[in-house]
Asks: 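Mind having a look at this structure? Questions to follow.
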Amino acid sequence: MTSVPPTTPVQRVAAACRLMHEAQGPLPVNTLIAATGCSSRQLQRDFADVLDTTPRTYGRSVRTTLARHRLAGATRVTDAIYDAGYGSVRAFYEEAAQRLGMSPRDYANGAPHHVLLWSITDTDIGTVMAVAAPQGLCSTGIGEPAELMERVKREFPAAILLRDDGAMTDVMSALVHLAAGRSAPDLPLHVQGTAFQARVWSALKEIPEGDTRTYAEVAQSINAPSSARAVANACGANPTAIVVPCHRVVRTDGSLGGYYWGIEIKRDLLQREATP
DNA sequence: ACTGTCTGTGCTT
DNA sequence: AAGCACAGACAGT
């Protein structure tokens with residue numbers, strides 16, 4: 001699961017970034033080098049080469065980005081500030097306030113690309129690729145490896161994509177189980193969507209394996225009974241196929257409806273789930 | 001070519 | 001004022 005000390009610059013940077021995402025903010029360089037197995041000077045150079053920034057700047061960006069997201073949904077601004085890891089409201093305003101409303105140039109300097117890990121594996125329903133941030137799974141896809149790779153590059157154009165089969169062993173084995181129509185432990189997700197999409201996707205996770213719902217039923221279950229069409233669109237926009245089981249939603253007349261990755265795969269998945 | 005040590009400078013707290 | 005991050009210079013492999 002946890003890999004040996006990273007040896008390439010990109011791997012070292014990825015390891016350090018992951019630590020700071022877990023810590024939700026900047027960490028002392030001396031803490032970071034424990035995980036990277038190199039000197040502080042080398043880590044500084046790696047960050048400069050790979051991300052065109054510094055460890056500290058990256059960590060601050062993690063914290064301010066978190067603050068930005070929390071502020072969006074917070075009832076009390078001060079709660080959001082403390083949740084985001086600032087020691088005081090004053091510290092927040094001094095460090096982050098300008099950054100939250102920063103110029104495009106500052107944003108480019110202070111918000112480096114994300115490092116995303118990916119892996120790919122064969123399953124019963126075809127080749128499956130998965131992309132993960134430290135917070136959780138971002139994207140899954142089914143199909144030809146080359147096409148999947150292209151798709152991911154388009155989906156995350158600013159990301160540094162790093163293949164790491166070792167770090168994703170658990171995720172990939174869960175996907176293999178799911179693709180076989182069997183159950184798997186819940187995977188942490190890190191997906192972005194509108195509020196409506198989020199409601200649909202979380203409703204989909206409630207559909208038991210081997211079962212199906214109609215688009216209209218899902219619409220009712222989220223208190224939007226007239227939104228069956230919008231539900232179908234949200235299913236089509238599901239970034240984490242198989243994990244969020246959009247394949248379990250069918251039309252009221254019993255036909256399968258659509259599936260982003262191909263109707264054959266949807267049929268295949270449902271058959272495997274129906275016959276355990 | 002890549003990496004670590006030493007070091008001066010300048011931020012941050 | 002103290003501590004730390006940063007990056008240049010240099011040397012070892």
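On a predicted model such as this, the values are computed, not experimentally measured, just so you know. Hydrogens, waters and symmetry mates play no part in the numbers below; they use all other heavy atoms, side chains included. Every chain is numbered from 1, with letters handed out A, B, ... down the list of sequences.
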Asks: Any chance you could measure A:R248, atom CZ, to A:T212, atom OG1, to the nearest 0.5 Å?
Replies: 10.0 Å

Asks: Go through the side-chain N and O atoms of A:Q44 and A:R41 and say whether any donor and acceptor fall under 3.5 Å apart.
Replies: no

Asks: For A:L32 and C:dA5, give me the distance from atom CG to atom P, rounded to whole Å.
Replies: 9 Å

Asks: Rounded to whole Å, please give me the gap between CG in A:L43 and P in C:dC4.
Replies: 17 Å

Asks: Is there a donor-acceptor pair closer than 3.5 Å between any side-chain N or O of A:T140 and the backbone N or O of A:A241?
Replies: yes

Asks: Please tell me which of the listed nucleotides, B:dT12, C:dA5, B:dT3, lies nearest to the side chain of A:Q42?
Replies: B:dT3

Asks: Let me confirm one number: the OG1-CG distance from A:T123 to A:L178, rounded to the nearest 0.5 Å.
Replies: 10.0 Å

Asks: Let me have a per-nucleotide readout for nucleotides 6-13 of chain C, 5' to 3', with B, S or -, counting only protein heavy atoms under 4.0 Å.
Replies: BBB-----

Asks: Would you please indicate yes or no on a ring centroid separation below 6.0 angstrom for A:H247 and A:Y260?
Replies: no

